[in-house]
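Below, each value reflects all heavy atoms present in this structure, side chains not excepted, and no hydrogens, waters or symmetry copies.
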Amino acid sequence: MEHTHDSDGSSGSSRQSVKNTAKWAASLENLLEDPEGVKRFREFLKKEFSEENVLFWLACEDFKKTQDKKQMQEKAKEIYATFLSSKASSQVNVEGQSQLNEKILEEPHPLMFQKLQDQIFNLMKYDSYTRFLKSDLFLKHKRTEEEEEDLPDTQTAAKRASRSGHGGSRL
């Protein structure tokens, strides 16, 4: 009986203690879902002078959630001006860029940037993301996480005590 409790207990705790870096390393999707991961990834891309890729991706994500037609138009213009136009300040490198023009902005729809977003996602995934996982920035963060885990942390100890509390003392 105790055994099943154990496996419950550990699966619960391992879920809580899945390290950020482990999640980030599992997939680019995970990394981009985590604000802290995005922050670190951006720091890394800044050093590589390709931060515009992740900014474009985030802008597209935000754009897809926009319901209001007028807002959508404004955001589409902004994305175009910032990342896609030939005069863009943070131009991203996507295929078919030369065919892109302001026409696309006249009829904005939530997925109008999807193809480009996918291209940039793949570019990041097979290029900068792999380098990010080998970078000092990532590895340092990973080490910090591991060191924190080794410290006797009163909070986690308390959590552990309260978790095992219902199963009687497990010493």
Side-chain angles (χ1 to χ4, degrees), residues 11-146 148-149 155 159:
S11 72
S13 62
S14 69
R15 238 202 321 281
Q16 273 170 320
S17 67
V18 167
K19 296 193 191 71
N20 284 340
T21 47
K23 278 197 303 234
W24 303 348
S27 74
L28 180 54
E29 284 87 346
N30 285 356
L31 175 70
L32 293 169
E33 271 163 24
D34 181 354
E36 177 68 18
V38 167
K39 206 172 90 187
R40 303 283 167 175
F41 193 41
R42 281 181 61 178
E43 282 172 39
F44 172 73
L45 292 178
K46 246 190 206 124
K47 292 192 170 117
E48 294 219 324
F49 304 104
S50 60
E51 191 191 11
E52 68 279 354
N53 289 340
V54 74
L55 294 177
F56 173 69
W57 189 90
L58 293 165
C60 292
E61 278 302 279
D62 174 57
F63 177 76
K64 283 191 286 202
K65 296 184 191 103
T66 309
Q67 312 270 294
D68 179 69
K69 197 80 180 177
K70 191 158 167 38
Q71 244 190 331
M72 203 184 275
Q73 230 159 358
E74 281 165 23
K75 283 186 180 174
K77 277 197 184 109
E78 205 176 311
I79 288 176
Y80 181 79
T82 311
F83 302 106
L84 299 170
S85 112
S86 52
K87 303 183 277 295
S89 50
S90 308
Q91 198 178 19
V92 290
N93 187 6
V94 284
E95 266 168 62
Q97 195 136 21
S98 52
Q99 286 110 20
L100 277 179
N101 55 36
E102 298 187 14
K103 257 235 227 11
I104 62 168
L105 304 177
E106 285 161 22
E107 278 301 310
H109 59 90
L111 298 178
M112 63 189 275
F113 296 119
Q114 187 63 56
K115 274 203 183 89
L116 304 177
Q117 190 186 0
D118 292 343
Q119 274 189 45
I120 288 297
F121 181 84
N122 287 327
L123 183 76
M124 292 193 296
K125 183 172 178 172
Y126 297 110
D127 186 36
S128 38
Y129 173 62
T130 14
R131 284 200 302 277
F132 171 67
L133 296 179
K134 298 185 187 116
S135 71
D136 279 352
L137 203 132
F138 174 79
L139 297 170
K140 227 179 252 152
H141 191 69
K142 194 174 163 178
R143 268 200 305 278
T144 312
E145 276 183 349
E146 281 157 4
E148 279 166 8
E149 198 172 62
Q155 209 182 350
K159 261 195 221 138

Could you tell me whether the side chain of [Y] reaches within less than 4.5 Å of the side chain of [X], counting heavy atoms only?
X: S128; Y: F41; answer: yes
X: T21; Y: L133; answer: no
X: L31; Y: V38; answer: no
X: L45; Y: E52; answer: no
X: T82; Y: S89; answer: yes
X: M112; Y: H109; answer: yes
X: L84; Y: Q91; answer: no
X: E149; Y: K19; answer: yes

Could you give the distance from [atom1] ([X]) to [atom2] ([Y]), rounded to the nearest 0.5 Å?
X: L123; Y: S50; atom1: CG; atom2: OG; answer: 8.0 Å
X: E43; Y: E48; atom1: CD; atom2: CD; answer: 13.0 Å
X: L139; Y: E146; atom1: CG; atom2: CD; answer: 9.5 Å
X: H141; Y: S135; atom1: NE2; atom2: OG; answer: 11.0 Å
X: K46; Y: L137; atom1: NZ; atom2: CG; answer: 11.0 Å
X: D136; Y: F44; atom1: CG; atom2: CZ; answer: 10.0 Å

Has the side chain of [X] got a donor or acceptor atom that lies under 3.5 Å from a matching backbone atom of [Y]?
X: S85; Y: K87; answer: yes
X: N30; Y: W24; answer: no
X: T66; Y: D62; answer: yes

Electrostatic pair [X]:[Y] at N-O distance under 4.0 angstrom:
X: E36; Y: R40; value: yes
X: R42; Y: E51; value: yes
X: K70; Y: E74; value: yes
X: E95; Y: K115; value: no

Atom of [X], atom of [Y] and distance for their closest heavy-atom approach:
X: K140; Y: T144; value: O-OG1, 2.7 Å
X: P108; Y: K69; value: O-NZ, 3.4 Å
X: A25; Y: F138; value: CB-CZ, 4.1 Å

When you look at F121 and L32, which way does the side-chain contact (heavy atoms from CB on, under 4.5 Å) test go after all the steps? CA-CA 10 Å; F121 181 84; L32 293 169; 3.8 Å; yes
If you look only at pairs with a residue in residues 116-125, which of them pass as a side chain to side chain donor-acceptor pair (under 3.5 Å), with sequence neighbours excluded? E61-Q117, K64-Q117, Q114-D118
May I ask you to check whether F63 and F113 place their ring centers less than 6.0 Å from one another? yes
Results of side-chain contact (heavy atoms from CB on, under 4.5 Å) for T130 - residues two or more places apart only: none
Begin from the C-alpha positions of F56 and L116 and carry the test side-chain contact (heavy atoms from CB on, under 4.5 Å) through to its verdict. CA-CA 9 Å; F56 173 69; L116 304 177; 3.9 Å; yes
